[in-house]
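Remarks on the structure that follows.
Throughout, residue positions are numbered sequentially from 1 according to the sequence presented.
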Amino acid sequence: MSVLDAPVTAAAPAAPTAGLTPIFVRLKLTLLRNGLRQSSGRKAAFIASLVFTLLLAAGQVLGLVLLRGNEHAATVVVLLTGVVALGWAVLPLFFPSGDDTLDPTRLVMLPLRPKPLIRALLVSSMIGIGPLFTLCLVVGSVLALAHGAAGVLFAALAVPLTMLLCVALSRAVATANVRLLNSRKGRDLAVLSGLVIAVGIQFVNFGAQRLGQAGGLSTLDPAADVVRWLPGASAVAAVDAASDGSYGVAVLQLLITVGALAALMWMWQRSLVKLMTAPDGSTLAAAEPTREKSGRGGLPSLLPEGRTATVMQRSLRYVARDPKTKAAWVTALAIGAIVPLLNAVQGTGSVYFACFAAGMLGMQMYNQFGQDTSAFWMVALTISSPRDAYVELRARALVLLLLTLPFTLLVCAVTAAMIGDWRSLPGAMGLSFALLGSMLATGAVASALFPYSIPQEGAFKNVVPGQGGLAWISILGGMLAAALLSAPVIVPTIWMHVTDHHDALWLMVPGGLVYGALIGWAGLRIAAGRTANRLPEILAAVSKG
């Protein structure tokens with residue numbers, strides 16, 4: 001029996017629950033204030049985020065108010081509200097540590113009842129930048145639709161109901177999956193967010209262009225007719241129905257939201273009771289049979305012996321197992337393919353857009369030692385000379401090439417096939433080789449000169465406070481240097497196109513390959529000396545997280 005179901009006794013009096021909600025609100029405000037006191041960087045980031053959110057929300061509200069009276073206002077508002085509700089449902093899966101101050105597992109040992117607890121969590125969850133932005137959007141939505149006394153009345157009900165539904169949906173999803181999200185495999189879900197965001201942005205851009213070509217907002221009316229009956233948008237749709245005099249439809253749509261909110265609260269309570277009473281898998285003894293490891297096989301058997309094989313296997317395991325490294329690779333692969341291919345589908349692309357794949361993947365060479373975090377000290381113990389540092393960096397570069405070269409060639413070929421411009425394919429391949437070699441060189445040097453720590457908590461916290469300047473210098477400075485180093489291949493490629501010497505573009509394939517290999521080798525040599533001489537500074541910088 002747990003604290004949620006245990007009877008109240010004299011030895012363990014129940015905590016007063018009548019004032020639980022004010023306590024949780026003060027707790028949330030206190031935790032927020034104390035978090036901002038930890039560093040000036042965190043305070044500046046919060047203030048900047050708040051100002052940006054308020055400006056964006058003000059622009060959204062103004063735009064929605066200007067839609068008032070437009071024949072397609074209901075379509076835009078209903079779809080926008082549905083997307084916002086969907087975001088509240090999905091974000092807990094992609095940002096599991098986004099609001100760890102309200103993690104219910106921290107309250108397991110307290111004598112709290114489920115119903116007062118979920119009320120307190122629901123109200124305290126209304127505090128934050130996300131709820132403020134959502135409130136502005138919902139208010140702007142009802143202002144765009146409300147006409148007459150009935151419309152105003154339904155608008156006054158729709159705003160709090162929509163807000164409560166969004167927050168309850170977010171909390172119910174988070175509570176149902178909290179143990180999964182706090183596990184290592186659960187944190188791997190954050191890898192999907194990079195892919196979803198990258199794909200989503202590109203498809204939104206693609207859809208917006210298609211929408212303009214298809215004749216405007218009227219093409220969205222069928223989708224809005226469906227979404228207005230879904231709980232996330234039905235309350236706002238009820239305002240439009242009431243303004244048009246369809247009171248029966250308005251009441252029904254409002255009841256859909258009320259029913260969904262009641263169902264979410266019930267599901268949330270059940271999940272909370274189960275979470276705080278059922279044993280966790282981490283408390284059970286592991287009973288897996290011991291498996292004997294065989295000799296070298298698979299990829300390890302194909303790698304060269306010695307330090308190179310060891311470093312390559314370690315780097316490949318980071319890509320496969322470490323959530324931060326995996327997220328960076330998945331995002332780079334997705335964006336590197338989506339940008340050229342979607343532009344090719346729209347008919348506005350070029351074969352040279354395929355170089356974007358090499359650029360995105362080449363960025364993985366930057367901050368090589370920061371990826372090791374505090375474990376870099378074990379690597380540092382094995383580096384006693386520039387030769388050791390060179391072998392270490394070379395093996396890491398080989399892993400990047402092992403994954404990048406086939407992918408870059410595939411993107412170049414598919415882009416050329418979709419556009420039908422096979423004559424420019426050799427030039428794009430040559431530029432990709434040169435750009436990749438240049439980024440290997442500058443990334444290795446930047447890793448030695450500007451290392452920074454990557455914090456382990458938070459799927460999207462990639463720099464610890466106080467090292468943001470180092471990260472910007474490392475990445476942006478390195479990318480600009482890589483672009484300049486690629487000039488010996490960029491200039492002749494442009495000249496061949498301008499002078500209509502397309503038949504000579506095939507020379508760029510061996511030329512770009514040789515040049516990229518030479519510039520990459522030179523960069524690794526330079527970075528090796530810097531790494532060997534700056535090991536204490538590098539170790540101190542990457543261990544701050």
Side-chain angles (χ1 to χ4, degrees), residues 2-6 8 12-50 53-54 88-89 91-136 160 163-179 181-182 186 261 264-277 280 455-461 465:
S2 73
V3 294
L4 289 174
D5 299 321
V8 179
T17 57
L20 193 61
T21 299
I23 292 174
F24 269 66
V25 171
R26 291 197 300 270
L27 175 63
K28 181 67 179 291
L29 293 173
T30 301
L31 291 172
L32 180 61
R33 183 178 64 252
N34 292 342
L36 296 178
R37 288 177 177 175
Q38 291 183 6
S39 67
S40 58
R42 178 175 294 187
K43 184 183 298 183
F46 178 81
I47 294 174
S49 301
L50 181 60
T53 301
L54 290 176
W88 277 90
L91 286 180
L93 300 177
F94 290 154
F95 297 88
S97 59
D99 194 5
D100 54 1
T101 60
L102 298 177
D103 185 354
T105 58
R106 301 169 184 261
L107 310 173
V108 171
M109 301 303 297
L110 300 179
L112 301 175
R113 297 294 183 183
K115 289 183 179 180
L117 180 59
I118 63 173
R119 285 198 298 267
L121 289 173
L122 183 65
V123 174
S124 57
S125 297
M126 296 286 182
I127 301 173
I129 295 178
L132 176 61
F133 181 74
T134 303
L135 177 62
C136 293
M163 287 297 302
L164 289 172
L165 180 73
C166 289
V167 176
L169 180 60
S170 173
R171 286 296 160 196
V173 172
T175 303
N177 297 277
V178 66
R179 283 180 176 168
L181 296 176
N182 287 335
L261 178 60
L264 282 173
M265 297 294 287
W266 179 77
M267 292 171 58
W268 185 10
Q269 180 178 337
R270 284 182 58 88
S271 298
L272 193 62
V273 172
K274 181 179 180 181
L275 175 69
M276 303 179 78
T277 57
D280 189 0
Q456 291 301 295
E457 76 281 357
F460 289 90
K461 296 179 182 179

Would you say M126 and L164 make side-chain contact, with heavy atoms under 4.5 Å?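 A side-chain contact exists here, since the closest heavy-atom pair is under 4.5 Å.
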For T134, side chain to side chain donor-acceptor pair (under 3.5 Å) partners two or more places apart: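 Once residues adjacent in sequence are excluded, the partners of T134 under the side chain to side chain donor-acceptor pair (under 3.5 Å) criterion are W88.
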Once side-chain contact (heavy atoms from CB on, under 4.5 Å) is applied, do any residues pair with [X], and if so which ones, sequence neighbours excluded?
X: I129; value: F46, S49, L50, T53
X: A168; value: L122, L261, L264, M265
X: R270; value: W266

Distance in Å, C136 SG paired with L54 CG, rounded so as to fall on 0.5 Å steps: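 Taking SG in C136 and CG in L54, the distance rounds to 7.0 Å.
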Which distance, rounded to the nearest 0.5 Å, do you find between the CG of L135 and the SG of C166? 10.5 Å
Looking only at non-hydrogen atoms, find the nearest pair between I118 and W268 and report the distance.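 So the minimum-distance heavy-atom pair works out to O-CH2, 3.6 Å.
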Check K115 against Q269 and note the closest heavy-atom contact, atom names and distance.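 So the two residues come closest at CG-OE1, 3.6 Å.
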Would you find a donor on one side and an acceptor on the other, under 3.5 Å apart, between the side chain of K28 and the backbone of S125?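 A pair under 3.5 Å: no.
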